[in-house]
Peer 1: 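This is the structure, below, for whatever I ask next.
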There are 2 protein chains.
Amino acid sequence: MKPKPKLTLLAETFNVSVATVSNALSGKGRISPDLAQRIRDRAREIGYVPSSAGRALRTGRSGVLGLVLPDISNPLFPQIAQAIEQAASTCGYGVLIGDARGSTEGQSEAINRLLERGVDGMLVIPRRGTRVTDIGRPLAMIDSPSTPGNTVSADHHDGGVKMGAYLAELGHRHVLIVAMSSRSIVQADRIEGLKQGLGEQARVELIFTEDLAEQDGAVGSLGLASYVARGVTAVATLSDLTALRVLTELQGAGLSVPDRVSVTGFDDLIWSSAITPGLTTMRADMAEIGRIVVEALVKSIERPEQAERTQSGTVKASPDRVAMELLIRASSGKARHFEVTS
Amino acid sequence: MKPKPKLTLLAETFNVSVATVSNALSGKGRISPDLAQRIRDRAREIGYVPSSAGRALRTGRSGVLGLVLPDISNPLFPQIAQAIEQAASTCGYGVLIGDARGSTEGQSEAINRLLERGVDGMLVIPRRGTRVTDIGRPLAMIDSPSTPGNTVSADHHDGGVKMGAYLAELGHRHVLIVAMSSRSIVQADRIEGLKQGLGEQARVELIFTEDLAEQDGAVGSLGLASYVARGVTAVATLSDLTALRVLTELQGAGLSVPDRVSVTGFDDLIWSSAITPGLTTMRADMAEIGRIVVEALVKSIERPEQAERTQSGTVKASPDRVAMELLIRASSGKARHFEVTS
DNA sequence: CTGAAAGCGCTTACAG
DNA sequence: CTGAAAGCGCTTACAG
């Protein structure tokens with residue numbers, strides 16, 4: 001643990017001022033190219049790393065973004081965190097994580113902790129039904145295009161439409177939609193889209209797993225067999241996690257997927273390609289979403305006058321939604337046209 | 001975006017020095033309890049938040065820990081990140097994330113980026129086969145007890161033993177172990193443990209999915225049916241992700257789980273309780289691991305003289321391993337004793 | 001092209 | 001019990 005080299009040290013070895021060293025390193029200010037190069041070389045040699053605290057204090061910027069998630073244990077989190085981390089580090093920013101732990105107070109606490117740590121801006125994936133406003137620093141939100149204050153997100157409605165249209169195309173006329181929560185705007189958008197994509201002539205049933213969850217403590221049966229018996233030929237879920245539950249319940253009941261029933265998911269979670277049959281699902285380009293949201297936030301930090309804000313104070317991005325992509329795998333089967341059951 | 005209140009402002013409103021205000025807020029130094037209280041009240045009122053940059057520059061500490069992961073998209077990541085974030089924020093530290101993106105250079109880059117951001121200490125879950133040494137700041141590693149430099153981790157060998165013993169107890173005498181990589185120390189520990197737990201009399205076969213992965217591009221079949229035909233009655237995997245692949249392949253082939261074949265996983269990933277049949281698996285108490293590793297790291301930061309280091313410079317923790325817990329669900333079935341196949 | 005100086009907002013000995 | 005002052009390590013106008 002050698003003492004960290006400082007600017008002064010570098011300045012002394014060259015008999016120049018710290019200002020000159022600083023300029024050499026940052027490339028700003030007028031300085032002879034030759035000297036600048038020599039200083040940079042030497043800096044690398046001795047492993048000089050500028051003190052982030054010194055710089056932050058002077059410039060008023062920490063170079064760090066806060067990322068607040070509703071619940072880190074959410075299976076979608078890896079995709080999101082990876083996208084944000086990547087985009088942020090490309091822009092030269094670090095990412096400090098905050099976990100709302102599934103509660104609204106947890107969200108406020110997480111935001112305050114990050115604020116205290118001096119983040120330059122905040123990226124929030126808000127908990128359902130919560131609104132974050134005026135934190136005194138640039139704020140961007142990823143949620144759903146239907147959410148007020150949304151900065152950018154996948155176009156969940158569009159994803160629903162595509163999935164619905166795909167199922168309709170395969171010939172499905174009686175579809176069961178299995179959602180999780182009736183209070184999720186994201187899921188509501190997907191449901192709307194699915195119905196639209198399936199078309200007027202399709203018969204659509206809808207259940208929410210949150211309604212069933214408490215029936216018998218542990219994960220209970222969704223009672224899918226009876227839906228199939230009544231003529232359902234496809235189960236469209238709003239999450240791969242639900243799709244997995246549906247798929248295994250059907251297979252366990254001896255109902256072959258996709259021969260007897262098609263199953264589709266959402267989000268392209270890690271296992272959707274690793275199971276048999278592979279899961280047909282909708283994928284959001286998270287890398288793209290991360291790039292858009294981080295760039296909008298960074299712009300608002302670095303050039304506040306140019307950045308647009310919504311009424312609630314969140315940063316605006318363009319585009320504010322990113323199309324989802326249909327990934328066709330075996331769980332939805334090949335095109336086949338069922339007879340319409342009466 | 002009102003200007004942030006500063007210490008000076010607070011000092012002026014009370015006609016005291018900034019030193020007094022600082023003491024009142026931190027509780028250090030001698031100051032009349034009454035004045036201290038009034039200052040604290042006022043500080044809360046005006047929403048005073050001390051500048052982290054100012055404090056960091058003066059104290060030489062940022063109050064931030066770096067967390068470097070081999071690959072954020074790993075499904076185990078949510079559990080880990082949540083545990084670390086929780087433990088760190090309990091200790092008053094923030095967590096800056098770094099993603100190695102699956103490569104050794106990525107790991108070095110991530111570490112350097114975090115170092116440049118002034119983290120007080122670093123927490124690394126190292127990529128297979130890499131060693132991180134002497135970063136000039138306290139360093140803790142989570143890997144496997146068998147890894148040199150390991151600070152703390154789940155006792156993977158112990159987990160294997162428990163799982164093996166459980167399967168043996170159920171009567172399984174011919175078991176297929178499905179691992180992913182032959183170069184993973186964690187998996188090697190689990191395999192060792194499994195063999196030990198299954199006992200001498202058990203016939204054990206072992207395959208690695210990485211060997212098969214390239215056979216035909218996409219996820220291919222593991223050819224489980226033939227193993228079952230040869231007498232395998234249980235498939236023990238080293239990850240719930242693999243277990244899922246096994247389970248769906250078996251079900252798809254008409255081999256009922258657990259009636260015909262038992263399946264077990266590892267890690268208790270989010271879906272293991274949501275599928276049918278529920279997946280029997282081994283769970284590590286990540287919250288406990290996070291607590292231990294963060295406390296060891298923080299101790300090393302705050303009281304360097306008291307902290308123990310390994311030869312490679314990593315912080316030591318006690319205990320250095322945490323027992324895993326067996327979660328019995330339907331996929332392994334009830335006790336049943338198979339006839340020993342010749 | 002280079003340097004001297006100010007100052008970002010804190011905390012911590014030290015003096016009173 | 002309180003205050004004056006130094007200084008953490010940078011960057012940025014400004015002067016030369």
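Source: prediction; values computed, not measured. Chain letters run A, B, ... following the sequence lines, proteins first and then strands; every chain starts at 1.
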Peer 1: Kindly state each residue pair satisfying ring-ring contact (aromatic ring centres under 6.0 Å, His included) with at least one member in residues 81-107 of chain A, sequence neighbours excluded.
Peer 2: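 Sorted result for residues 81-107 of chain A: empty, none.
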
Peer 1: In whole angstrom, give the distance that lies between atom CG of A:L10 and atom C1' of D:dG9.
Peer 2: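 Interatomic distance, CG of A:L10 to C1' of D:dG9: 13 Å.
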
Peer 1: Of all residues at least two apart in sequence or in a different chain, which pass the side chain to side chain contact (heavy atoms under 4.5 Å, CB included) check with B:Q306?
Peer 2: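 B:Q306: side chain to side chain contact (heavy atoms under 4.5 Å, CB included) contacts with B:K299, B:R303.
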
Peer 1: For the CG atom of B:L123 and the CG atom of B:L69, what is their distance to the nearest 0.5 Å?
Peer 2: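 Between atom CG of B:L123 and atom CG of B:L69 there are 9.0 Å.
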
Peer 1: For D:dT11, take OP1 and OP2 only and decide whether either is under 4.0 Å from a side-chain N or O of A:K28.
Peer 2: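 No, no such contact exists.
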
Peer 1: Keeping to residues at least two apart or across chains, list the ring-ring contact (aromatic ring centres under 6.0 Å, His included) pairs with something in residues 106-151 of chain B.
Peer 2: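 Every candidate ring-ring contact (aromatic ring centres under 6.0 Å, His included) pair involving residues 106-151 of chain B fails, so no pair, neighbours aside, qualifies.
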
Peer 1: Applying side-chain hydrogen bond (donor to acceptor under 3.5 Å, both in side chains), run through B:Q79 and A:S73 and close with a yes or a no.
Peer 2: CA-CA 6 Å; B:Q79 280 184 30; A:S73 64; over 6 Å; no

Peer 1: Can you tell me the distance, in whole Å, between the CZ atom of B:R61 and the P atom of C:dT11?
Peer 2: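 Atom-to-atom, B:R61 to C:dT11, this comes out as 13 Å.
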
Peer 1: Restricting to ring-ring contact (aromatic ring centres under 6.0 Å, His included), what partner residues turn up for B:F77, sequence neighbours left out?
Peer 2: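 Listed in chain order: A:F77.
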
Peer 1: Look for any protein N or O under 3.5 Å of an N or O in nucleotides 14-16 of chain C and output each such pair with its distance, or none.
Peer 2:
none

Peer 1: Could you check how far CD of A:Q37 sits from C1' of C:dC1, rounded to whole Å?
Peer 2: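 Value for this atom pair: 17 Å.
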
Peer 1: Which value, rounded to the nearest 0.5 Å, describes the distance between A:I84 atom CD1 and A:M286 atom CE?
Peer 2: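 Rounded to the nearest 0.5 Å, the CD1-CE separation comes to 6.0 Å.
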
Peer 1: Please report the distance, rounded to the nearest Å, between CG in A:L57 and P in D:dC10.
Peer 2: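 Taking CG of A:L57 and P of D:dC10, I get 12 Å after rounding.
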
Peer 1: Rounded to the nearest Å, what distance is computed from the CG atom of residue B:L9 to the P atom of nucleotide C:dC10?
Peer 2: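 Going from B:L9 (CG) to C:dC10 (P), I get 10 Å.
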
Peer 1: Listing request: all side chain to side chain donor-acceptor pair (under 3.5 Å) pairs with a residue in residues 51-61 of chain A, at least two apart in sequence or in separate chains.
Peer 2: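 Every candidate side chain to side chain donor-acceptor pair (under 3.5 Å) pair involving residues 51-61 of chain A fails, so no pair, neighbours aside, qualifies.
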
Peer 1: Quick one, A:Q86 with B:R101, criterion side-chain hydrogen bond (donor to acceptor under 3.5 Å, both in side chains). Give me CA distance, side-chain angles, the key distance, then yes/no.
Peer 2: CA-CA 9 Å; A:Q86 183 123 249; B:R101 286 166 207 156; 3.0 Å; yes

Peer 1: State whether the side chain of B:D120 and the backbone N or O of B:G63 hold a donor-acceptor pair below 3.5 Å, judged by distance alone.
Peer 2: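 Confirmed, B:D120 side chain pairs with B:G63 backbone.
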
Peer 1: Considering only heavy atoms, which members of residues 41-56 of chain A lie under 4.0 Å from some atom of DNA chain C?
Peer 2: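 Under 4.0 Å from DNA chain C: no residue of residues 41-56 of chain A.
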
Peer 1: So, using side-chain hydrogen bond (donor to acceptor under 3.5 Å, both in side chains) as the criterion, who are the partners of A:S108 when residues are at least two apart?
Peer 2: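 If we apply the side-chain hydrogen bond (donor to acceptor under 3.5 Å, both in side chains) test to A:S108, skipping adjacent residues, there are no hits.
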
Peer 1: For DNA chain D, what are the stems built from at least three Watson-Crick or G-U pairs in a row, each pair having both distances below 3.5 Å?
Peer 2: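 Stem list for DNA chain D: C:1-3 with D:14-16, C:5-12 with D:5-12, C:14-16 with D:1-3.
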
Peer 1: Polar-atom pairs under 3.5 Å, protein N or O versus N or O of nucleotides 2-6 of chain C: list them with distances, or write none.
Peer 2:
| from | atom 1 | to | atom 2 | distance (Å) |
| --- | --- | --- | --- | --- |
| C:dT2 | OP2 | A:S32 | N | 2.9 |
| C:dT2 | OP2 | A:S32 | OG | 3.2 |
| C:dG3 | OP2 | A:S17 | N | 3.0 |
| C:dG3 | OP2 | A:T20 | OG1 | 2.8 |

Peer 1: Which residue pairs pass the ring-ring contact (aromatic ring centres under 6.0 Å, His included) test when at least one of the two sits in residues 106-144 of chain B, sequence neighbours left out?
Peer 2: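 Sorted result for residues 106-144 of chain B: empty, none.
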
Peer 1: Answer yes or no: does a side-chain N or O of B:S22 lie under 4.0 Å from OP1 or OP2 of C:dC10?
Peer 2: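 No, outside the criterion.
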
Peer 1: Enumerate the ring-ring contact (aromatic ring centres under 6.0 Å, His included) contacts for residues 22-76 of chain A, please, sequence neighbours excluded, ordered by first and then second residue.
Peer 2: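 Pairs touching residues 22-76 of chain A that pass the test: none.
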
